[in-house]
Amino acid sequence: MSSALTDLCRHPIVQAPMAGGASCPQLVAAVSDAGGLGFLAAGYKTADGMYQEVQQVRGLTAQPFGVNLFMPQPGHADAAAVDVYRHQLAGEATWYETPLGDPDAGRDDGYDAKLAILLDDPVPVVSFTFGCPSRETLDAFARAGTFTVVTVTSVEEAQAAQLAGADAVCVQGIEAGGHQGTHRDDPAADGSGAGLLSLIPRVRESVRLPIVAAGGLMRGSQIAAVLAAGAEAAQLGTAFLVCPESGANVLHKQAMTNPLFTRTELTRAFSGRPARGLVNRFMREHGPYAPAAYPEVHHLTSGLRKAAAKAGDPQGMALWAGQGHRMARDLPAGQLVEVLNAELTSAVAALALRGAA
């Protein structure tokens, strides 16, 4: 690993920031204490809610950790398309006995207020998703002593992050669970994202920044593969989602290995932005008609998803999952970090033996 990343974690293992509750302080602290790098997800939280979780993590561990921010979304979606989708979801609102949310509930996710808190009371690492911050913002974090990471899904986005002054990039392959972190949401490009192992070397040859690799990684041998391809560390989300410390709903955890859910797909059904999840009834019925409208669709369906979870119905929940979900292991987070690192060490040793043969 690069010296900066080595200072942050003993092992090249990063726990992905999973918005929606999974990346709770207990999970973050357990990963960091075990030598990985835990990440809070500030997305969908208020600025004060984020700060309270930062304080909780500080009370649980003295090790470095990170906070992930969602970038504000430019412009506005097609209001007519959102209204059509609202009417389509009326039956869901009736079924779950809950009103649809207000699609105009906000587009900036409290970004400026969160920035102000993190610059006033810095954390070791801040990462960004759905865009690249300004040079002014990244320079401010550099002065505060915070290491910055920008999520990218293409060479062009990585180059933009380097130009803006980011310290590292998180290269996300199309295999990843949850939202694709594209800087610009272009419906014409749906499904055209690159696989992780083809994307890492292209980014490696295009920018000088350290790379954190993300997308479908569940085993130490896969971590070895992305390190060999040019990454300095690997970021895993689905692998940590099922840990007992994770704040994910128990139905979400169980679905990862439930034979009822046979595959994942990218969908706009729940949020209006492409995100990979287990294919369920809601995704099948509404995915083909969901507009490119983030965060309007997210706000519309928020209450439905909560009601489905309360009713014990995973068919109405957003079951975000990477392509490797069936390999999920129900282990304490600290033990999982240790197992992954042992698998990584074994894989590297095996490759060295083959090379010497």
Side-chain angles (χ1 to χ4, degrees), residues 16-23 41-46 50 68-89 92-93 100-112 114 127-133 150-154 157 160 170 172 174 176-193 214-215 237 264-280 282-283 285-306 308 316-322:
M18 295 171 280
S23 298
Y44 308 138
K45 293 185 176 71
T46 64
M50 176 200 74
N68 175 259
L69 300 179
F70 285 172
M71 294 295 297
Q73 298 302 289
H76 288 276
D78 182 341
V82 173
D83 194 52
V84 169
Y85 196 55
R86 170 194 281 276
H87 285 291
Q88 180 177 331
L89 295 176
E92 299 285 352
L100 294 172
D102 177 7
D104 299 317
R107 299 185 62 79
D108 67 356
D109 199 48
Y111 179 73
D112 288 338
K114 292 171 184 176
S127 69
F128 302 86
T129 301
F130 301 151
C132 182
V150 173
T151 305
V152 302
T153 62
S154 68
E157 291 175 355
C170 177
Q172 184 193 47
I174 200 168
H179 285 94
Q180 289 286 294
T182 50
H183 293 190
R184 177 174 173 268
D185 184 16
D186 179 7
D190 281 4
S192 64
T264 65
E265 280 186 5
L266 289 169
T267 185
R268 294 180 180 272
F270 297 102
S271 73
R273 233 184 190 273
R276 184 173 296 283
L278 298 175
V279 176
N280 61 4
F282 194 101
M283 191 186 296
E285 292 183 2
H286 303 295
Y289 312 104
Y294 177 86
E296 288 87 350
V297 171
H298 162 76
H299 294 315
L300 264 183
T301 68
S302 178
L304 295 178
R305 288 177 274 129
K306 291 174 183 176
M317 297 168 60
L319 303 173
W320 302 139

*asked:* Using the side chain to side chain contact (heavy atoms under 4.5 Å, CB included) criterion, which residues pair with Ala176? Sequence neighbours excluded.
replied: Gln172, Gln180

*May I have all residue pairs that pass salt bridge (charged side-chain N to carboxylate O under 4.0 Å, His left out) and include part of residues 176-188, sequence neighbours excluded?*
Arg184-Asp186, Asp185-Arg268

*asked:* List the residues meeting ring-ring contact (aromatic ring centres under 6.0 Å, His included) with Tyr85, not counting sequence neighbours, and say none if there are none.
replied: none

*Has the side chain of Lys45 got a donor or acceptor atom that lies under 3.5 Å from a matching backbone atom of Gly20?*
no

*asked:* Tell me the closest heavy-atom pair linking Pro187 and Ala292, and the distance in Å.
replied: CG-CB, 3.4 Å

*How long is the gap from CE on Met71 to CZ on Phe128, to the nearest 0.5 Å?*
7.0 Å

_Any donor-acceptor pair under 3.5 Å from Lys114 side chain to Ala42 backbone_ = yes

*Identify the heavy atoms of Val82 and Pro103 that sit nearest to each other, and give their distance.*
CG1-CB, 3.9 Å

_I'd like to check the side chain to side chain contact (heavy atoms under 4.5 Å, CB included) partners of Val279; sequence neighbours left out, ordered by chain and number._
Arg263, Glu265, Met283, Arg284

*Identify the heavy atoms of Phe270 and Thr301 that sit nearest to each other, and give their distance.*
O-OG1, 2.5 Å

*Applying side-chain hydrogen bond (donor to acceptor under 3.5 Å, both in side chains), name anything that partners Ser302, two or more places apart in sequence or on another chain.*
none

*asked:* Please check: side-chain N/O of Ser23 versus main-chain N/O of Ala16, any donor-acceptor pairing under 3.5 Å?
replied: yes

*Rounded to the nearest 0.5 Å, how far does CG of Leu100 lie from CD of Gln88?*
11.0 Å

*Any side-chain heavy-atom pair of Pro133 and Tyr111 under 4.5 Å*: yes

*By side chain to side chain contact (heavy atoms under 4.5 Å, CB included), which residues pair with Tyr44, not counting sequence neighbours?*
Ala19, Phe70, Asp109, His179, Tyr294, His298

_Suppose we screen for side chain to side chain contact (heavy atoms under 4.5 Å, CB included). Which residues come up paired with His183, at least two apart in sequence or across chains?_
Cys132, Val150, Val152, Glu157

*asked:* List the residues meeting salt bridge (charged side-chain N to carboxylate O under 4.0 Å, His left out) with Glu92, not counting sequence neighbours, and say none if there are none.
replied: Arg281

*Short question: side chain of Arg276, backbone of Ile174 - any donor-acceptor pair under 3.5 Å?*
yes

*Can you spot which of Arg107, Arg273, Arg86 makes a salt bridge (Lys or Arg N to Asp or Glu O under 4.0 Å) with Glu296?*
Arg107

_Validation row: Pro274, Thr267 side chains within 4.5 angstrom (heavy atoms)_ = no

*Evaluate the criterion side-chain contact (heavy atoms from CB on, under 4.5 Å) for residue pair Leu266 and Asp190; output intermediate values, then yes/no.*
CA-CA 8 Å; Leu266 289 169; Asp190 281 4; over 6 Å; no

*Where is the tightest heavy-atom contact between Pro295 and Gly106, given as atom of each residue plus distance?*
CG-O, 3.3 Å

*Taking Thr264 for its side chain and Leu278 for its backbone only, find out whether a donor-acceptor pair lies under 3.5 Å.*
no

*Would you please name every residue forming a side-chain hydrogen bond (donor to acceptor under 3.5 Å, both in side chains) with Thr129, sequence neighbours left out?*
Asn68, Thr151

*Locate the shortest heavy-atom distance separating Ser192 from Ala189; write the atom from each residue and the value.*
OG-O, 2.5 Å

*Just jot down the ring-ring contact (aromatic ring centres under 6.0 Å, His included) partners of His286, sequence neighbours excluded, or say none.*
Phe282

